[in-house]
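Heads up, the thing below is written out as C-alpha cells.
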Amino acid sequence: MKFGVIIHGGAWDIPDNAVTDHLNGVQKACNIANKLLKNGKSSLDAVEAAISVMENDSTFDAGKGSFVNQIGEVEMDAIIATEGYQFGAVCAVQNISNPIKLARLVMEKTKQHILVGKGANLFAEQMGLPFVAPESLLVGRELDRYYKIKRIPNFSAKNMFRDSRRKINGMGTVGAICLDILGKISIGVSTGGTPHKRSGRVGDTPLWGAGGYVESSVGAAATGYGEDIIKVLLTYKAVEYAKIEPSLNKAATRAITELKRVNGLGGVIMLNQNDVGFDFNTPRMAFAYQIEDTGLIVGIDPGDAKRERKDY
Ligand code: ASP
C-alpha cells in the first residue's frame, strides 16, 4: 500500500448510548489523517492531527473529557513514535489541551524520551503551549462520574473494561498509526488514564513497548487496562509476533492472547507497509481504518470488520 491509517477510540465495555459518538469520532480522525497522507504529509503529522482531533472531542478519555483521578484532577499520558526508535512521551501532565503535541516536542526538541508531571508542564510552558484552565478539560459527565464512583465501595477501574455498561459507563483512550508515501510508520496514543486512578498513576500509554511501539516498519498502539498491558509489554509483543505471523491480525490476536494470560483486558491496532490488523478482548473497541482511497471501515463490536485482510 502507498499510504494508510488505523485509529482506535478505546477498548472498553462502551455503552450503547456512546456508540454513535465513538464511531463518529474515530471516523473523523481517520478522514483527517487520510487526507493529510494523500497530500504527501508525513505519518507523524497525520498521527498528531488524528490524535489532536480526538483529544479535543469530549467523547474520548483523552484531553478534554479525560477521567478524573482520586483528588478530582485530570492527569494525562501520551506517546508519539516513529521509525528508528524515535519517541517522546509525557506522563501525568495537566492543563494543556493536546498532550500528543507535547509528546512530539519531547521527541523532537529534547535529548530525553519521557517527561512527567511538573517537569512536563514546565517544558510545555517553555515550548509556548497554551496553559488551559482545569475546567476546560474536565467535563460535567466526568465530574458526575467522580462523585458516583466515590460512593461505590471497593470501586475497581478494571471492571470498567469488562462489564461497566449497566453501571458506570466507560469512555475510550485514543490511538492512531499512519503510513506515509515515503513508507514511514508512526504511532500515537493519548489518554486520561483510568477512572478514579491514584494521583500520579501512570498507565501503559506513555511507556515504550507497552502503550506503543514501532520497529522494523511495523507499528502497534494499545488500549485497555494499563496495569496488565504493562506486565506483558503488549505492543512490543505484537510487533515481535508480526515478524513470524502471516498477517497483522494474527500477530494482534497472539498479543491479546498474551494479555489474557495475566487476565488483562484491552486491544491493539497494527499497521505496516502492506497490512492492517487489530484485536481486542473487551466487549467493544471503537476502530476505523482506511488504506489509500479504498472505503473507510468503521466498527465497534467484535466481528464488525472483515478480519482477514492482506495484500493491499
Ligand atoms: N490504557 C489506558 C490506561 O490504563 C486506558 C485505556 O486505554 O482506556 O491508562
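Both ligands and their constituent atoms are indexed starting at 1 by order of listing.
Scanning all heavy atoms of the two residues, the minimum distance from R284 to I14 falls at NH1-O, 2.7 Å.
No close placement of the F60 and W12 rings is indicated, their centers lying 6.0 Å or farther apart. Checked against the 6.0 Å centroid threshold, H8 and F280 do not count as a close aromatic pair.
In the vicinity of W12, heavy-atom distances shorter than 4.0 Å reach the ligand 1 atoms 8 (O). If you number the atoms of ligand 1 from 1 as listed, the ones under 4.0 Å from a heavy atom of T173 come out as 2 (C), 5 (C), 6 (C), 7 (O), 8 (O). Proximity to T223 (heavy-atom distance under 4.0 Å) selects the following atoms of ligand 1: 6 (C), 7 (O), 8 (O). Remark: ligand 1 atoms within the under-4.0 Å shell around heavy atoms of T205 are 1 (N), 2 (C). Near D204, the atoms of ligand 1 lying under 4.0 angstrom from a non-hydrogen atom of the residue are 1 (N), 2 (C), 3 (C), 4 (O). Atoms of ligand 1 found under 4.0 Å from any heavy atom of T194 (numbered from 1 in listed order, with element): 4 (O).
Contacts of R201 with ligand 1, taken as heavy-atom pairs under 4.0 Å, involve the side chain alone. Of all the heavy atoms of D77, none lies under 4.0 Å from any atom of ligand 1, so neither backbone nor side chain is involved.
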Run the salt bridge (charged side-chain N to carboxylate O under 4.0 Å, His left out) test on R261 and E258 for me, step by step, so that the C-alpha distance in whole Å, both residues' side-chain angles and the decisive distance to 0.1 Å come before the verdict. CA-CA 5 Å; R261 241 177 7 93; E258 287 276 320; 3.1 Å; yes
Could you go step by step and tell me if D144 and R141 meet the salt bridge (charged side-chain N to carboxylate O under 4.0 Å, His left out) rule? CA-CA 5 Å; D144 292 346; R141 176 196 69 217; over 6 Å; no
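E73 has no carboxylate O lying under 4.0 Å from a charged side-chain N of K197, or vice versa, which leaves the two without a salt bridge.
Counting only N and O atoms by type, the side chains of S199 and Q70 include no donor and acceptor under 3.5 Å apart.
Under the 4.0 angstrom criterion for non-hydrogen atoms, G224 is in contact with ligand 1.
Close N/O approach between G203 and ligand 1 is not found [any backbone or side-chain N/O within under 3.5 Å].
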